[in-house]
Amino acid sequence: MSSNLRSVQGEYDWVDTLGDFFASPPDDVPAEVLEAFAVIFNHDRILPPQIFYEVVEQSSIAISITDNQAGILYVNRAFQNLTGYCSNELRGKNQSILSCEATPKAVYQDLWTSILSAKEWNGMLVNKRKDGSHYLAEVTVAPVYRKRVEAEYFLGMQRDVTALHNLKNKVHNQKALIESVVDHTPMVIALLDMDGKVVLDNRAYKTLMADLGGREPAELILKDIRNLVGEDFETACTREYSIEHHEVSLVQEPGPEPRWFSCSASWIKEFDLRAESYFESHRQSGLLLVANEITRQKREQEHARISAAQALTMEQSATLNMRETLSGAIFKMQEPLNMIEAAVEILKRQEPEQAYLCSTLKQALDAGHQAAQTLRASIPTEVSEVIGPVNMNDVVRDVLNVMAPRLLAEGVVVDCRHLESLPSIAGQAGKLRALVKYLLDNAIDALREPGNRQREFMIITRNDNDERIELCIQDMGVGLARELRFKVFEPFFSNWNARRGHSGMGLTMAQQIAVEYGGDIEVDTEYRNGCRIRVSIPLNIGK
Ligand code: FAD
């Protein structure tokens, strides 16, 4: 294009005149010149200059041709439209007519240094239109040679990129704003690609990762969610469902307690940036993971739960003790009453003359029965409690919390061996707490027996083939004689050397509760280092 344009002076008429001239050239035009132009105009593979001219004129890019001092020789229509000047106003003027103080001098210097050393220059200039308004121009200036020695002309091409620049800045501003908000939010945020790799994270995420000793929080959270949700997790991934508000615990090592997070995962679609996706947009998925720390709320909840359990256990203990005491008193009263009743019968039959004595005894007997009846009526009813899923590990933990002051005071060491994921049974937590408390009270009493030096017991919970929950309490106390293993469950049986005011109803009540749940309780006679009691409760027959 350049060799033809070099001869164009920006005048269409000039091109036409040239065409007319060569259509009927004067006689004195040398034959070589005519031959040369015949090649240009007639050769069927070389376009005529008019075509080049029209192409330049109609181009959507603003084009200018200047002399070697940037004096304007030609501008196309797009240039006039862009700058607001018409061709006549520009011709003969310097390109600096568009210059604006917002462009640093150094940029112009760079432009001139380039083009004067025969190099093309590409860059941005802030230009001023005829009406004084500014636009950002993406400019290319290239030297044009005729004799390939020094540039005689310069070709300038430019387009208005103000809107693009605004858009870029807007996107940049929004990105910066979003990044700043995401980075400063206390929530842990990470974006994962389809391979589960973290591609974006925020400050809270990085801090958590450091707290976890460099372990990837996203991996741990997703593993925990997968365990909680089971097969639904794979479905959620395939169908891209969101997973919301799953409570996940992360163990910090070394750390006393786990940290709790409420986690959500949602799928987001990203536009494919490749050119081939212009007409048929392919979008790629990413998993956005958001985790909100709820450790404090969890601790408060746990504290409130323990306090409530403690209050309930105290109330239940008081009620059970009262029931135990009154039942004991009634049982004890029954013995003399039976004897009086027998004496009355003997007197009636063998010594009828003792009618007065007999009547007095009868009165005493009636008064005794009435007193027993009054006692029976005053036995408090059990504390009512709803049935719900109960985890035996929580039950043991609650009872240990309730008994903590006593364990500390007695200097007793408890070794807890829990199975982490113990299935729940349907039952009343309070009743099951009472069962565990009876057994732990006995274990502590056994350790306190005269002559015993060990102060330790162990609690083990176990899932027996997903059919039964087994609770085993073994103490290092005085132990229990083999022949007593059934008798200890009888009401009011007590074999302690130091009786400590117990009525001997604890194991009876414990057995009653185990039986209520379709389970059983037994003393393990094989255990030699003290006493081991096993409680077994079926998972599906729970009350
Ligand atoms: P000027 O004093 O004109 O120039 C500033 C600096 O440029 C000088 O200090 C000097 O270092 C250098 N310079 C200027 N003229 C020459 C020269 N003839 N020889 C060597 N060095 C020189 N400018 C725009 O603002 N917008 C445009 O769109 C634009 N398009 C151009 C297209 C072409 C084809 C060419 C050749 C130049 C173009 N220029 C454009 C540059 C323009 O000619 C001016 O240099 C620029 O506008 C600065 O003008 P000024 O009056 O502010 O400063």
Side-chain angles (χ1 to χ4, degrees), residues 1-15 18 47 49-170 172:
M1 180 176 88
S2 59
S3 65
N4 287 314
L5 277 175
R6 262 186 259 139
S7 63
V8 174
Q9 293 289 312
E11 295 293 337
Y12 186 72
D13 293 345
W14 185 92
V15 177
L18 194 66
L47 289 168
Q50 289 94 327
I51 299 296
F52 283 100
Y53 176 78
E54 278 306 324
V55 168
V56 174
E57 186 64 11
Q58 287 172 28
S59 166
S60 62
I61 294 175
I63 294 174
S64 61
I65 298 170
T66 70
D67 60 22
N68 62 5
Q69 294 297 308
I72 297 171
L73 300 172
Y74 166 79
V75 291
N76 73 349
R77 247 175 262 153
F79 194 99
Q80 296 169 55
N81 291 340
L82 177 60
T83 60
Y85 292 105
C86 68
S87 179
N88 291 336
E89 291 172 303
L90 290 171
R91 212 173 308 122
K93 300 271 169 33
N94 194 285
Q95 280 272 176
S96 63
I97 193 168
L98 303 178
S99 72
C100 167
E101 57 286 355
T103 307
K105 287 274 176 212
V107 178
Y108 298 129
Q109 274 166 12
D110 182 49
L111 181 159
W112 279 104
T113 311
S114 259
I115 60 176
L116 290 180
S117 52
K119 281 190 222 130
E120 185 181 282
W121 183 85
N122 295 294
M124 296 289 188
L125 296 175
V126 181
N127 275 351
K128 192 160 63 186
R129 294 191 183 87
K130 183 181 175 185
D131 64 6
S133 63
H134 295 154
Y135 66 93
L136 184 71
E138 188 182 60
V139 181
T140 297
V141 182
V144 182
Y145 300 92
R146 200 154 56 159
K147 294 178 187 154
R148 300 195 178 275
V149 182
E150 62 177 29
E152 279 182 49
Y153 304 98
F154 291 118
L155 167 67
M157 289 180 284
Q158 58 177 274
R159 64 184 185 116
D160 181 357
V161 290
T162 317
L164 193 68
H165 172 70
N166 284 350
L167 195 67
K168 257 192 208 165
N169 279 354
K170 262 190 202 157
H172 183 269

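Order of listing sets the numbers, starting from 1, for every ligand and every atom in it.
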Find all protein N or O atoms under 3.5 angstrom from an N or O atom of ligand 1 and list the pairs with distances, or write 'none'.
unit_1: ligand 1; atom_1: 13 (N); unit_2: Trp112; atom_2: NE1; d: 3.3
unit_1: ligand 1; atom_1: 15 (N); unit_2: Trp112; atom_2: NE1; d: 3.4
unit_1: ligand 1; atom_1: 18 (N); unit_2: Gln69; atom_2: OE1; d: 3.3
unit_1: ligand 1; atom_1: 25 (O); unit_2: Tyr108; atom_2: OH; d: 3.3
unit_1: ligand 1; atom_1: 26 (N); unit_2: Asn127; atom_2: OD1; d: 2.8
unit_1: ligand 1; atom_1: 28 (O); unit_2: Asn127; atom_2: ND2; d: 3.0
unit_1: ligand 1; atom_1: 28 (O); unit_2: Gln158; atom_2: NE2; d: 3.1
unit_1: ligand 1; atom_1: 30 (N); unit_2: Gln95; atom_2: NE2; d: 3.1
unit_1: ligand 1; atom_1: 43 (O); unit_2: Asn94; atom_2: OD1; d: 3.2
unit_1: ligand 1; atom_1: 45 (O); unit_2: Trp112; atom_2: NE1; d: 2.7
unit_1: ligand 1; atom_1: 52 (O); unit_2: Lys105; atom_2: NZ; d: 3.3

Notebook entry, point to check: Checking side-chain contact (heavy atoms from CB on, under 4.5 Å) for the pair Gln95/Val139: CA distance, chi angles, key distance, verdict?
Noted result: CA-CA 12 Å; Gln95 280 272 176; Val139 181; over 6 Å; no
Item checked: Derivation and outcome, side-chain contact (heavy atoms from CB on, under 4.5 Å), residues Asn68 and Glu152 -> CA-CA 5 Å; Asn68 62 5; Glu152 279 182 49; 5.7 Å; no
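Annotation: the span from Phe79 atom CZ to Tyr74 atom OH amounts to 11.0 Å, rounded to 0.5 Å.
A donor-acceptor pair under 3.5 Å links the side-chain atoms of Asn94 to the main chain of Gln69, judged by distance alone. Judged purely by atom type and a 3.5 angstrom limit, Ser117 has no side-chain atom pairing as donor or acceptor with the backbone of Lys119.
For the side-chain hydrogen bond (donor to acceptor under 3.5 Å, both in side chains) test with Tyr135, the passing option among Asp160, Thr83, Thr162, Asn127 is Asn127; the others fail.
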